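Quantities reported herein were computed from a predicted structural model and do not represent experimental measurements.
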Amino acid sequence: AICVSVAFRVAAVFGLHHDERMKILIAGSSGLIGTALVSHLKANGHDVHTLVRRPARNGSEIQWNPASGHLDSTAVDGFDAVINLAGAGVGDERWTAAYKQEILQSRVLTTTAIANAIAASTHRPSVLINGSAIGFYGDRGAADIDETSGPADDFLAEVVKQWEAAAAPASASGTRVVFARTGLVVSARGGAFGKLLPLFKLGLGGVIGSGKQYWPLISMTDEVRAIEFLLTHEVSGPVNLTAPQVPTNRDVTKSLASALKRPALLPVPGLALHIVLGEFASGITGGAKVLPRVLESAGFVWQHPSVDDIVGAEVLGQS
């Protein structure tokens with residue numbers, strides 16, 4: 001009996017509710033985080049279905065047209081949870097006026113469609129975990145930032161405000177809504193770090209801008225674990241998905257160079273980044289010390305709390 005009690009306590013701490021297998025619908029399942037999340041949830045025994053733009057190929061897929069801003073309520077009816085990670089990649093293209101509009105609309109339209117479908121459904125999901133971003137906070141220097149902090153006055157903050165507001169119909173209908181304000185997800189398979197790694201492996205990596213800006217990281221492993229954790233813990237509203245120890249860009253550079261055993265001697269001037277990347281460069285040369293206080297209070301335990309842990313796990317493949 002003691003062993004059973006201990007096992008359940010350990011499961012609770014790590015969010016491993018083995019008796020809570022859920023039927024989950026995911027939008028944005030083909031992206032970097034979505035792909036990892038689907039694999040993680042299936043491995044843990046959840047019944048995972050996905051919204052896809054192309055014709056459905058099997059019973060676990062549901063076709064939709066997110067650009068229409070509409071989703072039939074029957075698509076979400078009977079699911080325990082919906083996870084929405086859909087949206088155009090913020091760093092995929094230069095921020096032209098047209099692409100900025102795509103960044104915004106791809107998030108607002110998909111969230112609106114899902115939230116309205118949940119509100120209209122007969123058997124509503126108990127929870128909607130909606131993608132969001134720490135871009136809400138902008139460049140805040142060394143100040144401690146948490147979920148109670150207000151928004152910046154820039155493009156990404158405005159995107160996040162409209163993105164989260166679009167989920168209002170789901171919340172008003174009684175479904176618990178979580179805004180997963182994700183930090184810089186570290187993965188060797190893609191994203192910002194997937195682009196940085198080849199440079200560091202060649203010995204061409206270096207501090208970006210001043211190097212003093214905070215980069216709130218989270219390992220891909222902890223990202224998907226945190227999303228699963230939020231499915232079954234009574235948390236709502238914004239939740240920062242970042243590691244508890246927030247490094248600076250200089251710390252990240254040092255950790256990558258050390259792990260890969262390569263020099264990192266070539267600093268990247270902020271002006272050069274702005275010339276190459278345009279407005280998006282401000283998100284790299286700036287930063288915020290974003291702390292995951294809601295996750296901490298809810299009892300989540302990170303596998304990779306520090307930058308060295310994250311780099312070791314996601315770049316070197318160490319457990």
Side-chain angles (χ1 to χ4, degrees), residues 27-35 51 53 64-71 83-116 129-141 145 149-169 177 179-185 187 190-196 208-209 213-218 223 238 240-242 249 268-288 290:
S29 61
S30 62
L32 181 68
I33 297 172
T35 300
L51 289 171
R53 291 177 173 83
W64 75 322
N65 178 15
S68 71
H70 174 74
L71 177 65
I83 302 172
N84 175 27
L85 302 175
V90 171
D92 288 357
E93 296 184 22
R94 191 178 180 88
W95 283 7
T96 61
Y99 194 66
K100 286 171 73 173
Q101 186 69 8
E102 183 177 348
I103 289 171
L104 174 63
Q105 290 300 311
S106 65
R107 286 161 172 76
V108 172
L109 288 176
T110 54
T111 302
T112 298
I114 290 170
N116 285 335
I129 296 181
N130 206 68
S132 189
I134 61 168
F136 178 82
Y137 306 111
D139 184 1
R140 305 292 273 269
I145 301 297
S149 302
D153 183 20
D154 59 21
F155 170 67
L156 283 182
E158 184 60 32
V159 168
V160 173
K161 285 191 287 185
Q162 293 191 39
W163 190 6
E164 294 183 355
V177 176
F179 301 116
R181 289 183 181 169
T182 296
L184 300 169
V185 180
S187 171
F193 275 80
K195 296 175 182 178
L196 282 177
I208 294 175
Q213 68 273 30
Y214 282 92
W215 274 18
L217 309 180
I218 187 168
E223 172 76 8
N240 295 333
L241 269 57
T242 61
N249 169 257
V268 182
L271 178 60
L273 276 179
H274 279 276
I275 292 172
V276 174
L277 300 177
E279 189 178 349
F280 175 61
S282 60
I284 298 174
T285 57
V290 180

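Under the side chain to side chain donor-acceptor pair (under 3.5 Å) criterion, Gln101 pairs with no residue, sequence neighbours left out. By the side chain to side chain contact (heavy atoms under 4.5 Å, CB included) test, Leu32 is found to be paired with Ser187, Arg189, Met220, residues two or more places apart in sequence or in another chain being considered. For Arg181, the salt bridge (Lys or Arg N to Asp or Glu O under 4.0 Å) criterion is met by Glu164, not counting sequence neighbours. Listed by chain and number, the residues in a side chain to side chain contact (heavy atoms under 4.5 Å, CB included) with Asn249 are Val207, Ile208, Gln213, Trp215, Thr253 (sequence neighbours excluded). With sequence neighbours left out, the side chain to side chain donor-acceptor pair (under 3.5 Å) criterion links Thr111 to Asn84, Asn130, Trp163. A search for side chain to side chain contact (heavy atoms under 4.5 Å, CB included) contacts involving Thr182 returns Ile33, Ala180, Val185, Glu223, Leu241, not counting sequence neighbours. The side chain to side chain contact (heavy atoms under 4.5 Å, CB included) check on Ser106 picks up Ala88, with sequence neighbours excluded.
Nearest heavy atoms, Trp95 versus Leu156: CH2-CG, 3.7 Å. Here the closest heavy-atom approach between residue Ala115 and residue Ala166 is recorded as CB-O, 3.5 Å. Listed here is the closest heavy atom pair of Gly150 and Phe136: C-CE2, 3.6 Å. Across Asp139 and Gly287, no two heavy atoms sit closer than the pair OD1-O, 3.0 Å. Closest approach of Ala157 to Pro151, counting heavy atoms only: CB-CB, 4.5 Å. Between Arg107 and Ala86, the shortest heavy-atom distance links the atoms CG-O, 4.0 Å.
Within the model, atoms CD1 of Ile145 and OH of Tyr214 stand 11.5 Å from one another, a figure rounded to the nearest 0.5 Å. To the nearest 0.5 Å, atoms CD1 (Ile134) and CG (Leu184) are separated by 5.0 Å. Taking CG of Leu104 as the start and CG of Leu109 as the end, the distance is 8.5 Å to the nearest 0.5 Å. Rounding to the nearest 0.5 Å gives a distance of 13.5 Å between CD of Glu158 and CD1 of Ile103. Once rounded to the nearest 0.5 Å, the distance linking OG of Ser29 with CG of Leu51 reads 8.0 Å.
Proximity of Asn240 to Tyr137: side-chain heavy atoms (C-beta onward) are separated by under 4.5 Å at one or more points.
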Apply side chain to side chain contact (heavy atoms under 4.5 Å, CB included) to Trp64 and Thr110, showing your working.
CA-CA 10 Å; Trp64 75 322; Thr110 54; 3.8 Å; yes
